[in-house]
Amino acid sequence: MSEVALPDGYALSDDPARLQPAAIHAYLTRSYWCPGIALSLVERAIAGSHCVGIYRDGAQVAFARVITDHATFAHLADVYVLEAHQGHGLASAMLAYFDGHPGLQSLRRWNLNTLDAHTLYERHGWHRVNETIMQRFDPDASRERAGA
């Protein structure tokens with residue numbers, strides 16, 4: 001588990017004990033992708049995912065999770081930054097965390113769904129498949145490397 005200090009007093013952490021399911025639920029229940037979702041379902045989704053949160057003054061202000069087999073495929077989901085904290089590069093920090101995570105380096109394909117954040121993801125190497133699906137694909141990511 002790691003914690004990284006970010007500018008402006010923010011901290012990024014992948015410690016599951018630090019996640020605040022009630023705060024995550026409060027955002028997701030008003031999101032366009034899962035309005036009204038039950039807290040128990042959010043808790044199950046968190047438990048089955050690789051999650052990262054960003055915190056400021058003890059409050060969780062951003063979240064993202066990856067559903068993965070840790071071998072070849074991952075799906076990025078539930079990425080958000082509370083409105084009052086947008087514009088500080090927090091979404092980019094979460095994407096960079098997952099991009100650099102040692103346990104996620106052999107993945108050939110990453111997918112995500114979005115209606116409104118295409119340019120954010122394109123800045124991080126994602127490509128549009130259609131109006132809502134984006135992906136990153138590296139056909140060589142899972143190949144055995146000489147000397148590895």
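Note that the structure is predicted; figures quoted are calculated from it, not measured.
Leu104 places a side-chain heavy atom less than 4.5 Å from the side chain of His70.
The backbone N or O of Asp15 lies less than 3.5 Å from no partner atom in the side chain of Glu3, so there is not a single donor-acceptor pair. In this structure, the side chain of Tyr97 does not engage the main chain of Val4 through any donor-acceptor pair within 3.5 Å. Remark: side-chain polar atoms of Ser49 are paired, donor with acceptor, to backbone N or O of Ala45 under 3.5 angstrom. Panel note: side chain His118, backbone Glu131; a donor-acceptor pair is recorded below 3.5 Å. Proximity of a side-chain donor or acceptor of His88 to a complementary backbone N or O of Leu90 within less than 3.5 Å is not detected. Side-chain N or O atoms of Glu122 include none that pairs as donor or acceptor with a backbone N or O of Ala117 at under 3.5 Å. Side-chain atoms of Gln60 do not come within 3.5 Å of backbone N or O of Leu19 as any donor-acceptor pair. A donor-acceptor pair under 3.5 Å links the side-chain atoms of Thr68 to the main chain of Phe73, judged by distance alone.
Annotation: cation-pi pair Arg56/Tyr10 present, NZ/CZ under 6.0 Å from the ring centroid and within 45° of its normal.
If you check the side chains of Asp78 and Trp33, you find a donor sitting under 3.5 Å from an acceptor.
In this structure, Leu120 and Ala91 approach most closely via the heavy-atom pair CD2-CB, 3.8 Å. In plain terms, the two heavy atoms of Ala71 and Ser106 that are nearest each other are O-OG, 2.8 Å. Contact detail for Ala74 and Leu107: the closest heavy-atom pair is CB-CD1, 3.6 Å. Thr114 approaches Asp116 most closely through the heavy-atom pair OG1-N, 3.3 Å. In terms of heavy atoms, Gln20 sits closest to Gly58 at NE2-O, 2.9 Å.
Within a 6.0 Å sphere centred on CZ of Arg18, heavy atoms belonging to other residues, nucleotides or ligands number more than 12. Within a 6.0 Å radius of NE2 in His127, no more than 12 heavy atoms belonging to other residues, nucleotides or ligands are found.
A search for side chain to side chain donor-acceptor pair (under 3.5 Å) contacts involving Asn111 returns nothing, not counting sequence neighbours.
Applying the side-chain hydrogen bond (donor to acceptor under 3.5 Å, both in side chains) test to pairs two or more places apart or on separate chains, none has a residue in residues 36-45.
Atom-to-atom distance recorded for Tyr80:OH and Ile24:CD1 is 5.0 Å, nearest 0.5 angstrom. A distance of 8.5 Å separates SG in Cys51 from CD1 in Ile67, rounded to the nearest 0.5 Å. The distance from the CG atom of Asn130 to the CD atom of Gln135 is 10.0 Å, given to the nearest 0.5 Å. The CD1 atom of Ile54 sits 4.5 Å away from the CE atom of Met94 when rounded to the nearest 0.5 Å. Note that NE2 of His75 and CH2 of Trp110 are 11.0 Å apart. Values are rounded to the nearest 0.5 Å. Separating the CD1 atom in Ile37 from the OH atom in Tyr27 is a distance of 13.5 Å, to the nearest 0.5 Å.
Both Tyr32 and Leu28 are part of a single hydrophobic cluster, where members link through side-chain heavy atoms under 4.5 Å apart.
Exactly one of His124, Arg136, Gln105 qualifies for a side chain to side chain donor-acceptor pair (under 3.5 Å) with Asp99. That residue is Arg136.
His50 has its ring centre less than 6.0 Å from the ring centre of Phe98.
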Pair Leu95, Tyr121 - check side-chain contact (heavy atoms from CB on, under 4.5 Å), show working.
CA-CA 9 Å; Leu95 293 174; Tyr121 296 113; 3.8 Å; yes
Any chance you could lay out the side-chain contact (heavy atoms from CB on, under 4.5 Å) test for Thr132 and Leu115, step after step, and finish with the verdict?
CA-CA 5 Å; Thr132 60; Leu115 291 179; 3.4 Å; yes
